[in-house]
Colleague: 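The structure that follows is given in the form of structure tokens.
Atoms considered below: every heavy atom in the structure, side chains included; atoms not considered: hydrogens, waters and symmetry mates. Chain letters run A, B, ... following the sequence lines, proteins first, then strands; residues in each count from 1.
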Amino acid sequence: MCRRGLINLEKVYNPKLVENRIYEFWENGGFFKANANSGKTPYTILMPPPNITGNLHMGHALDNTLQDIIARYKRMQGFEVLWLPGTDHAAIATEAKITAQMREEGVSKKDIGREAFMKRAYAWKEKYGGNICYQIKKLGSSCDWSRQRFTMDSDYSASVREFFVRLHKKNLIYRGKRIVNWCTKCLTSISDTEVEFEEECGRLWYIKYYFKDETEFITVATTRPETIFGDLALAINPDDSRCKKIIGKTVVVPICNREIKIIADINVEKDFGTGVLKVTPAHDCNDFEIGRRHDLEETFLVIDEKGFLNEKCGKYSGLERFEARKIVVNDLKSLNLIVKEEKIEHRVGSCYRCNSIIEPFVSEQWFVKMGSLAQSATEIVKSGKIKFVPERFSKVHLSWMENIKDWCISRQLWWGHRIPAWHCEECGGITISSDDEPEKCETCGCKKILQDEDSLDTWFSSALWPFSTLGWPDEKSEDLVYFYPTDTLVTGYDIIFFWVSRMIFSSLEVMKKEPFKQVLIHGLVRDSEGRKMSKSLGNGVDPVEIIEKYGADALRFALVSGITPGNDTRFSSEKLEGSRNFVNKLWNAARFIKMNVSYASPLHSSGVSADCLRNSLWSRWIVDRVNDLSKEVCENMEKFDLGLALHKIYSFFWGEFCDWYLEIFKIEINDEKKRENCKMVIHWVFGQILRLLHPFVPFVTEKIWGIFFDGVLAISNYSKFDANLEDKNSKSEAHGVISVISAIRTKCAEMRIRQDQKINVFILPETQNYELFKENLEIIRVLSRVKSVSFSSECQNSEVIVTDFAKIYLKTEEIFDKKEIKEHLETEGLHIEKQIKKNKILFENPEFLSKAPPKVVEKIKTLIFNLEEKQKKINKEIENFKIGG
RNA sequence: GGGAGCGUAGCUCAGCCGGUUAGAGCGCUUGCCUUACAAGCAGGAGGUCACAGGUUCGAGUCCUGUCGUUCCCACCA
């Protein structure tokens, strides 16, 4: 890496020439490697492992950027920072991708078998997992690659098995036939969180069920007539007035002519449809519950795993479920069994991976008992040991935990952790073991045992991320002891249930300690029109493409500026351009400083001496300002108000440092007495700016740092408030001069005075400000772009401006229109009068005086005083015009 | 049905504990190629802070309600 010696810095910053080399420099230097023996206070962040399904998207870019900002900030503050990266095998998502790919090739899972499939999946992991890491590096992420983990690493897998075994021992895992959400395309069960519900326009058919041997019928409303083959009862609410009359009676299921009973159950809404529900326990969650209460056959399946009607459906068997619906409805109609048909808005669940409609389906699955786990996860958040930022997201976690049902953790997939359960062919007993291959059946001791075919929910393994990545189940592992509990988890609100909540209860279960102290929740990255970025809309943006075009720093800047924790953000090319411009501005400031302040050898940017500040207001001012800024920025950073912190640095750097200090520096550098001190100050202040900005835009700042200073910025100290550098007077003095310059500029623009009109300015300062202005006459002249500035008490036929610090007269060779000047003054006077009035009203109210804090009263008093002073001056000028005629 | 967010300039959004004349970026507009930067510099226009009440000496900020909007949760089949 070219550390310095940039004699000719390019006019336009080119991130392409910088970023890759800087990252290599950091990585080779091992600056991001965490050390469990450093003796420093640890600060741990675990990267939410991206799925190996494909490429990183903008959401990842935001998530990673936020983490990197925090990691770099904490590292610069002297913490031993561990930011542990990794990837997730993403069982169902990856398997869906691979099978889709295979389908195109015309092969199926069955064709190639489990072993070959796993081989293929690992190859996929190598390819895409590697690509993801490449992308994370491109973003500038300062994570410790030596500790990189994958959720299917062999020791990680061992920890998953161990966890399973422990839960099983505590009776928190059970196996049983239950109704689950079944995806007929992925051919697996999925958990409740993995079902996405959407409001859809469907139909409600009113179907006649005749009483046995009677001509009377009862009408039942259903959205799923194709499931009548699975009807095992009709149910009615016990409070329904018809209930007594019909309860226990037998009705005949249409078409299949099976006889079923009418039962009473409180889960039937009296007011929905006809108030009578057909109960299909094997294909509806609600009906399953009712079935259990009334001893109905739970496993009476009529639809198979692929979504086709089975042999129980007579001539309809073999029909796809939605096809069957149409045919059944038609047949019912022709049998005159449909009373009416109406449109209905209802919620339909679909698979979060493949989007096909979920079939509630009874099958044998493994479950985690949630009761006690959920309770501990609730308590820890209520106790405040885990804090959500913003706080409101703790509610999301809590309300989910408080209403949770048991968690279905088995999946009929191959890609993932195979369930560590072995079935005995001899005795049918189940052996649960954390061994890779247990030798014999625990029950009968024979060796004929076969591993369960199912694998585990991907979230079952990612729930262990906080401790498995640090060495668990080895409880004495150095990393685990030192880095656990971790400090901050950064993630989007969309995976609170999926992951955050599950990490909390899993960690409490095995570690007996919270997995992290804070959870920083961020929102979604949307497109410029506020739409969610998605493949189907084609509005997704590839972070790497953006980096190629604008640079990683600009991307990071665009993602972070203007965000507030928990809120969504929009991403647009306009924002990106603004961000790139900022980076370029920074680069050019460096270029300017390099051109004017060249030291033979790079400096240690240790501090500024009081000596440096002695003879320049502007040095005192800028040092005080950057000192203030450091304080505010650190306060914001601690609260994770990263967008706000960045905004403050931005406006200081651009609006104060560049616009004022650098411009003034150009003038002061000509003063031999000030020159050296100025150089030292600019050097130091710029160093502080680089420190403050580094977590946000690490590449360009590191690059520039190398031009001016020794050492590595990434591991330098963050800028920090220093009470010794406070200088309150500098602020008002600088403001006094700046306000005069601004006033002249505004007036000139207003009056369309062109620069070539050579105007002369005379100022009359307040006596106490005389020295201040005397010192700064040249600065005022140059920055206001006027011909001359001098002191004078009065000046006929001149435009007059009154500021808090001075009266200013503008004079050109041309004579101003007196009337116009007077009018300007009068408008100004009117404006001031209005303000005075508004503030004086406060004092007419006795309650204001008695109740408002003295500080505020005092503040407003001086405000009024100042305004009145100004008003007097203006009136005097107006008076002059009258006398003058 | 329950819960949450948002509503501030043409657009995207800041605005901490209530306290002078409500801010930024972009866009628009006027004038500038002023030796770091035209990806720039110096000006300017543009706001009933969704609406209605309330608390308060004082409300964009706190409370209640209304409207609009977005999202999350929930077994009306």
Colleague: Taking the side chain of A:R570 as heavy atoms from C-beta outward, which of B:rG43, B:rC13, B:rC41 is closest to it?
Modeller: B:rC13
Colleague: What integer number of Å spans the C1' atoms of B:rC17 and B:rC76?
Modeller: 47 Å
Colleague: By nearest heavy atom, map A:K405 and A:N636 onto RNA chain B; which one lands nearer the 5' end?
Modeller: A:N636
Colleague: Taking only the side-chain nitrogens and oxygens of A:K585, find out if one of them lies under 4.0 Å from OP1 or OP2 of B:rC41.
Modeller: yes
Colleague: Can you confirm whether A:E200 sits close enough to A:R347 that some side-chain heavy atom of one is under 4.5 Å from a side-chain heavy atom of the other?
Modeller: no
Colleague: Using the closest heavy atom to pick a nucleotide of RNA chain B for each, name whichever of A:L644 or A:A590 lands nearer the 5' end.
Modeller: A:L644
Colleague: Can you identify which nucleotide, out of B:rA14, B:rC57, B:rA77, has its nearest atom closest to the A:D284 side chain?
Modeller: B:rA77
Colleague: Examine the base of B:rC37 for any acceptor or donor lying under 3.5 Å from a partner atom in the side chain of A:K11, and report the outcome as yes or no.
Modeller: no
Colleague: Of the nucleotides B:rG5, B:rA36, B:rG19, which has the atom closest to the A:R591 side chain?
Modeller: B:rA36
Colleague: Quick one: is B:rA14 close enough that its OP1 or OP2 comes under 4.0 Å of any side-chain N or O from A:N567?
Modeller: yes
Colleague: Distance check: side-chain N/O of A:N581 vs OP1/OP2 of B:rC37, anything under 4.0 Å?
Modeller: no
Colleague: Does A:R785 place a side-chain N or O at less than 4.0 Å from the phosphate oxygens OP1/OP2 of B:rU34?
Modeller: no
Colleague: Under 6.0 Å from the ring centre and within 45 degrees of the ring axis: does the NZ or CZ of A:R580 meet both conditions for the six-membered ring of A:Y550?
Modeller: no
Colleague: Hey, is the side chain of A:K838 poking within less than 4.0 Å of OP1 or OP2 on B:rU21, counting only N and O atoms?
Modeller: yes
Colleague: Students often get this wrong, so: under 4.0 angstrom with heavy atoms, is A:W654 touching a base, only sugar-phosphate, or nothing?
Modeller: sugar-phosphate
Colleague: Within 45° of the six-membered ring axis of A:F592 and under 6.0 Å from that ring's centre, is NZ or CZ of A:K666 located there?
Modeller: yes
Colleague: Could you tell me which non-hydrogen atom of A:R781 sits nearest to which non-hydrogen atom of A:K787, and how far apart they are?
Modeller: CD-O, 3.3 Å
Colleague: Give the nucleotide from the list B:rC76, B:rC41, B:rG43 with an atom nearest to the side chain of A:F272.
Modeller: B:rC76
Colleague: Any side-chain N or O of A:T564 under 4.0 Å from OP1/OP2 of B:rA14?
Modeller: yes
Colleague: Using a 4.0 Å heavy-atom cut-off, does A:T223 contact any base of the nucleic acid, only the sugar-phosphate backbone, or nothing at all?
Modeller: sugar-phosphate
Colleague: Nearest to the side chain of A:L863, which nucleotide is it out of B:rG19, B:rU20, B:rU21?
Modeller: B:rU20
Colleague: With the 90 degree cut-off around zero defining syn, does B:rC17 come out syn or anti?
Modeller: syn
Colleague: Reckon A:C658 touches a base, only the sugar-phosphate, or nothing at all at heavy-atom distances under 4.0 Å?
Modeller: base
Colleague: Quick check: closest heavy atoms across A:P360 and A:R224, and the distance to 0.1 Å?
Modeller: CD-NH1, 4.0 Å
Colleague: May I ask you to verify whether the side chain of A:R580 and the base of B:rA39 hold a donor-acceptor pair under 3.5 Å?
Modeller: yes
Colleague: So do A:D527 and A:F571 actually touch side chain to side chain, heavy atoms under 4.5 Å?
Modeller: no
Colleague: Between B:rU34, B:rA24, B:rA77, which nucleotide has the shortest distance from any of its atoms to the side chain of A:L277?
Modeller: B:rA77
Colleague: For the side chain of A:N584, starting at C-beta, report the closest nucleotide among B:rA36, B:rC76, B:rC37.
Modeller: B:rC37
Colleague: Given B:rU20, B:rG19, B:rA77, which nucleotide is nearest the side-chain atoms of A:T222?
Modeller: B:rA77
Colleague: Without hydrogens or angle criteria, can the side chains of A:E194 and A:S191 be said to hold a donor-acceptor pair below 3.5 Å?
Modeller: yes
Colleague: Report yes or no: is there a donor-acceptor pair, N or O only, under 3.5 Å between the side chain of A:N845 and the base of B:rC57?
Modeller: no
Colleague: Can you identify which nucleotide, out of B:rA36, B:rU21, B:rA42, has its nearest atom closest to the A:H831 side chain?
Modeller: B:rU21
Colleague: Measure from the side chain of A:D659, starting at C-beta and using heavy atoms only, and say which of B:rU20, B:rA74, B:rA42 lies closest.
Modeller: B:rA42
Colleague: Does a nitrogen or oxygen in the side chain of A:K395 sit under 4.0 Å from OP1 or OP2 of B:rC72?
Modeller: no
